[in-house]
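First up is the structure itself, then whatever we jot down about it.
Chain A is the first sequence line, chain B the second, and so forth, proteins listed ahead of strands; every chain is numbered from 1.
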Protein chains: 2
Amino acid sequence: MDASNLPEDALATPVPRRREVVPEATVARLPIYLRALHGLADEGQTTVSSEALAEAAGVNSAKLRKDLSHLGSYGTRGVGYDVDHLIAQISRELGLSRRCSVVLVGVGNLGRALAGYGGFASRGLAIDALLDADRSRVGEQIAGLTVRHMDDLPDVVTGVSIGVIATPADAAQEVCDRLVSAGVTSILNFAPTVLSVPSHVDLRKVDLSIELQILSFHEHRKAARAEGALA
Amino acid sequence: MDASNLPEDALATPVPRRREVVPEATVARLPIYLRALHGLADEGQTTVSSEALAEAAGVNSAKLRKDLSHLGSYGTRGVGYDVDHLIAQISRELGLSRRCSVVLVGVGNLGRALAGYGGFASRGLAIDALLDADRSRVGEQIAGLTVRHMDDLPDVVTGVSIGVIATPADAAQEVCDRLVSAGVTSILNFAPTVLSVPSHVDLRKVDLSIELQILSFHEHRKAARAEGALA
DNA sequence: CTGACTTTGTGCGCGCGTTCACAAGCGCGT
DNA sequence: ACGCGCTTGTGAACGCGCGCACAAAGTCAG
């Protein structure tokens, strides 16, 4: 893409050449690989084969190799991948080495849980600020952070930032708009509602009840199949 | 996705249902349609066109029509869909009319948030029991439920059940195994680890930190593209 | 009853993602 | 040095899902 028309890319840049655009499906799996690699590193493993890493990540080994090939050729044939090196490459690809501030809006039950969730900090993504529209909650200490009022948003958002919405559904769109106005270009929405954002903003959503409903469907289908089998 | 544990029957079902197999991608969107329909019903709408419903759900109208066509022909050409009827049909398809008990294991920060999350009950999926391995938490009242000990699991799981794992990562696999032993065939995992289950068990996972890392990747890429543009 | 308008349902082409299968490459033992 | 075995990286086939565009089917006015 942008690197394709650079005449001498591989020699000049300290960073290995970006081969191509990484498919979205691959990006979604990189964090899983990263987690598995950290687990292997903690066990003292220095190298790992695609077969072993795929097993730890719960995916097909061919898929894993193709995913990693989109980042570059970081493996050694006959040996496997160097664990630490691969961790570094995936972390760099995900932008985890670069400082990236995260702003969480809404400190209800879910917001509190997210603020206290340890999985973020261990991957270089720590929540930097907590905001809430309810002034009675402002000043409260949660997970080492002080809750600030929503109106402080412009002061909190500095440079590259990710916004997390953990408010009730009816407040989500307004919060979303204010995040966008403040310059946030990536938003993670936990509120059970459809948000509309400008095209330059990345929006991901996690709906807890939807996952349960999908499981309910499968339970229902399994039950129907069982009844059909004995009929 | 994790289609590896989805059993596939080569032979047609003996049930003379004209309904075909609903694609997984469609199932994942049905809850979104259902939520949008409930919103329309609350506004007093009795019928809705595919265009309007697609807008409310945030999807393409052709996709919505194709999704609904997998359930049957419930629309009226020239008019649209009857809101209440469509709600009933989707609810039936998702198995929400059938009683389906949900067991939540782990009442830490996240477990508490899930227990108090209102989105479940409004869709016919209420959490019926809270379990925890920590005896100091047993007896605690959360969202109208009393926390019971993990050892009570066999008494709690009766009939069709869905298990939700909200424990730390290192306890998740053991909890998962105990759920499976107790007869649970659908599991929703919030712990940041890869779980292995028998092929007859449906497993879905939600990893909060993975979503953030995916957004981090896009931020990183946007920043890199901006730098490349001015170079 | 008829014709014009509206909206559903779907056939079809296309692009993405997954998987198989194998050639290329690397280390190691002899 | 040299072949042998192991593992990576990838070409190719396949299947799925998405979206366009249109025919089928219903409503409504006169």
Side-chain angles (χ1 to χ4, degrees), chain A residues 1 16-30 32-33 36-37 40 45-83 85-86 89-90 93 214, chain B residues 1-10 18-30 32-33 36-37 40 45-83 85-86 89-90 93 214 217:
Chain A
M1 179 136 328
R17 61 192 170 105
R18 190 83 27 93
R19 294 174 52 100
E20 53 191 304
V21 172
V22 182
E24 200 62 28
T26 295
V27 174
R29 283 187 292 267
L30 289 181
I32 304 176
Y33 303 152
L37 284 166
L40 291 170
Q45 302 271 352
T46 58
T47 63
V48 65
S49 71
S50 66
E51 197 71 41
L53 182 55
E55 159 107 28
V59 301
N60 188 292
S61 68
K63 196 192 305 196
L64 178 123
R65 287 198 299 275
K66 181 153 289 192
D67 283 342
L68 295 184
S69 76
H70 288 123
L71 310 186
S73 289
Y74 297 131
T76 305
R77 299 180 193 228
V79 176
Y81 300 90
D82 181 87
V83 173
H85 187 233
L86 200 51
Q89 293 302 329
I90 294 180
E93 189 70 30
I214 294 173
Chain B
M1 219 171 273
D2 43 315
S4 55
N5 43 9
L6 290 181
E8 288 193 32
D9 284 0
R18 60 180 175 218
R19 190 191 318 152
E20 46 196 312
V21 53
V22 182
E24 200 62 27
T26 295
V27 175
R29 281 186 295 266
L30 288 181
I32 304 176
Y33 303 153
L37 284 166
L40 291 169
Q45 301 271 353
T46 58
T47 63
V48 65
S49 70
S50 65
E51 198 70 43
L53 182 54
E55 159 106 27
V59 301
N60 187 292
S61 68
K63 196 193 309 197
L64 178 128
R65 288 197 299 274
K66 185 160 289 188
D67 283 342
L68 295 183
S69 75
H70 287 123
L71 310 186
S73 289
Y74 297 131
T76 306
R77 299 178 193 229
V79 177
Y81 300 91
D82 182 85
V83 172
H85 187 234
L86 200 50
Q89 293 303 329
I90 294 180
E93 188 70 30
I214 294 172
F217 168 83

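Checked against side-chain contact (heavy atoms from CB on, under 4.5 Å), E55(A) has no partners two or more places apart in sequence or in another chain. Here T46(A) pairs with nothing under the side-chain hydrogen bond (donor to acceptor under 3.5 Å, both in side chains) rule; sequence neighbours left out. When the side-chain hydrogen bond (donor to acceptor under 3.5 Å, both in side chains) test is applied to S49(B), no partner is found at least two apart in sequence or on another chain.
Protein atom CD of E24(A) is 18 Å distant from nucleotide atom C1' of dC16(D), rounded to whole Å. dC6(D) atom C1' lies 12 Å from atom CD of E51(A), rounded to whole Å. When rounded to the nearest whole Å, the span between NE2 of H70(B) and C1' of dC16(D) equals 11 Å. When the C1' atom of dT10(C) is taken as reference, atom CG of L68(B) falls 13 Å away, rounded to whole Å. L71(A) places its CG atom 12 Å from the P atom of dT10(D), with the value rounded to the nearest Å. The NE2 atom of H85(A) sits 15 Å away from the P atom of dT8(D) (whole-angstrom rounding).
Checking the phosphate oxygens (OP1, OP2) of dT7(C), no side-chain nitrogen or oxygen of S49(B) falls inside 4.0 Å.
Applying the salt bridge (Lys or Arg N to Asp or Glu O under 4.0 Å) definition to pairs two or more places apart or across chains, those involving residues 66-75 of chain B are R29(B)-D67(B).
The two residues A57(B) and Y33(B) make their nearest non-hydrogen contact at CB-CD2, 3.7 Å. A pairwise comparison of heavy atoms in A36(B) and L53(B) identifies CB-CD1, 3.9 Å as the closest pair. Nearest heavy atom pair, residue S50(B) against residue S61(B), reads O-CB, 4.0 Å.
Of the candidate nucleotides dG9(D), dT19(C), dG9(C), dT19(C) has the atom lying nearest to any side-chain atom of K66(A).
A heavy atom closer than 4.0 Å to some atom of DNA chain C occurs in R65(B), these being the qualifying members of residues 52-65 of chain B.
Toward the 5' end of DNA chain C, the nearer of the two residues T26(A) and Y81(B), judged by each one's closest nucleotide, is Y81(B).
L68(B) is listed as a side-chain neighbour of I90(B), based on a closest heavy-atom distance under 4.5 Å. In this structure, the side chains of F217(B) and V22(A) come closer than 4.5 Å at one or more pairs of heavy atoms.
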| query | What is the per-nucleotide protein-contact pattern of nucleotides 1-6 of chain C, from the 5' end, where B denotes a base atom under 4.0 Å from a protein heavy atom, S denotes such proximity for sugar-phosphate atoms only, and - denotes neither? | reply | -----B

